[in-house]
Amino acid sequence: MPRNLLYSHLSSHLPHFRTSVTSAKVAVNGVQLHYQQAGEGDHAVLLLPGMLGSGETDFGPQLKSLNKKLFTVVAWDPRGYGHSRPPDRDFPADFFERDAKDAVDLMKALKFKKVSLLGWSDGGITALIAAAKYPSYIHKMVIWGANAYVTDKDSMIYEGIRDVSKWSERTRKPLEALYGCSLTVSPGWNAVA
């Protein structure tokens, strides 16, 4: 059975995969943070995107497909990314710590007592910091593509990917749709690399 036909068949027979995704903003730590939410399960899961990403671009399939009876899934756009603009993204020395606090405070504002974190790339770093700073609030984590430090080789790689026009169309197009065709990697990223 072709994949899309199988998914259509399963989703019509398994109602726990079919709940709507809501989208909203909430004031957290002086900014309006955008998030998407789906499901009604007791287990709250926050999806943390990587650099330039948003909940929608990095986690669209998970937001739509995780079991909505078991989980309440929240995908956020960190401050300065996606629909959490303005303000534009900046990179103070403690931006990962700031993102970790924003993420935890967002979930508290949404009235979740405890959360699990799924973090990709920069979102993985943010999740690790959140778990270290707020261990009693974090239930479980899945982290991938995160780094604990930046080597000289990493810096060279970062320099090589600054020109967004050289990114694959598959990676670039959703971000251009979100940010506009003038998508660039922020000069503030120098603080990271």
Ignoring hydrogens and angles, tell me if any N or O in the side chain of [X] forms a donor-acceptor pair with the backbone of [Y] under 3.5 Å.
X      : Y      : value
Asn147 : Val150 : no
Thr171 : Trp167 : no
Tyr35  : Ala24  : no
Ser65  : Pro61  : yes
Lys68  : Leu66  : yes
Thr57  : Leu175 : no

Any side-chain heavy-atom pair from [X] and [Y] closer than 4.5 angstrom?
X      : Y      : result
Phe96  : Leu128 : no
Pro78  : Ser84  : no
Met107 : Trp76  : no
Thr72  : Gln37  : yes

Heavy atoms from other residues, nucleotides or ligands near CG of Asn29 exceed 12 (cutoff 6.0 Å): yes
Shared hydrophobic cluster, [X] / [Y] (ILVMFWY, side-chain heavy atoms < 4.5 Å):
X      : Y      : result
Val104 : Val31  : yes
Met141 : Leu63  : no
Leu47  : Leu70  : yes
Ile157 : Trp144 : no

Using a strict threshold of under 4.0 Å (side-chain N to carboxylate O), is an ion pair present between [Y] and [X]?
X      : Y      : answer
Lys101 : Asp105 : yes
Lys25  : Asp77  : no
Glu97  : Lys133 : no

Applying salt bridge (charged side-chain N to carboxylate O under 4.0 Å, His left out) between Asp90 and each of Arg79, Arg98, Arg85, report the one that passes.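 Result: among Arg79, Arg98, Arg85, Arg98 is the only option passing the salt bridge (charged side-chain N to carboxylate O under 4.0 Å, His left out) with Asp90.
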Audit row: Val142, Leu117, side chain to side chain contact (heavy atoms under 4.5 Å, CB included) steps and yes/no: CA-CA 6 Å; Val142 176; Leu117 306 173; over 6 Å; no
Among side-chain atoms of [X] and [Y], is any donor-acceptor pair under 3.5 angstrom?
X      : Y      : value
Thr151 : Asp154 : yes
Ser116 : His43  : yes
Ser23  : His34  : yes

Say you draw a straight line from [atom1] of [X] to [atom2] of [Y]; how long is it, rounded to the nearest 0.5 Å?
X      : Y      : atom1 : atom2 : answer
Leu33  : Leu106 : CG    : CG    : 6.0 Å
Phe59  : Trp120 : CZ    : CH2   : 9.0 Å
Phe95  : Asp122 : CZ    : CG    : 5.5 Å
Leu118 : Ile143 : CG    : CD1   : 7.5 Å

Could you give me the CA-CA distance, side-chain angles and deciding distance for Gln36 and Thr22, then say whether side chain to side chain contact (heavy atoms under 4.5 Å, CB included) is met? CA-CA 5 Å; Gln36 294 178 290; Thr22 60; over 6 Å; no
Test side chain to side chain contact (heavy atoms under 4.5 Å, CB included) applied to Lys114 - qualifying residues, sequence neighbours left out: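 Once residues adjacent in sequence are excluded, the partners of Lys114 under the side chain to side chain contact (heavy atoms under 4.5 Å, CB included) criterion are His139.
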CA sep, side-chain torsions, deciding dist, call: Arg89, Asp99, salt bridge (charged side-chain N to carboxylate O under 4.0 Å, His left out): CA-CA 11 Å; Arg89 183 67 173 181; Asp99 286 352; 2.6 Å; yes
So, for [X] and [Y], which heavy atoms are closest and what is the spacing to 0.1 Å?
X      : Y      : value
Val26  : Ala109 : CG2-CB, 4.4 Å
Val115 : Phe112 : CG1-CB, 3.9 Å
Ile138 : Ala131 : CG1-CA, 3.8 Å
Phe71  : Val45  : CD2-CG2, 3.6 Å
Asp58  : Gly50  : OD2-N, 2.8 Å
Leu46  : Ala103 : CD2-CB, 3.7 Å

Taking the six-membered ring of Tyr137, is the NZ or CZ of Lys108 close enough (under 6.0 Å from the centre) and on axis enough (within 45°)?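 The answer is yes; both the distance and angle limits are met.
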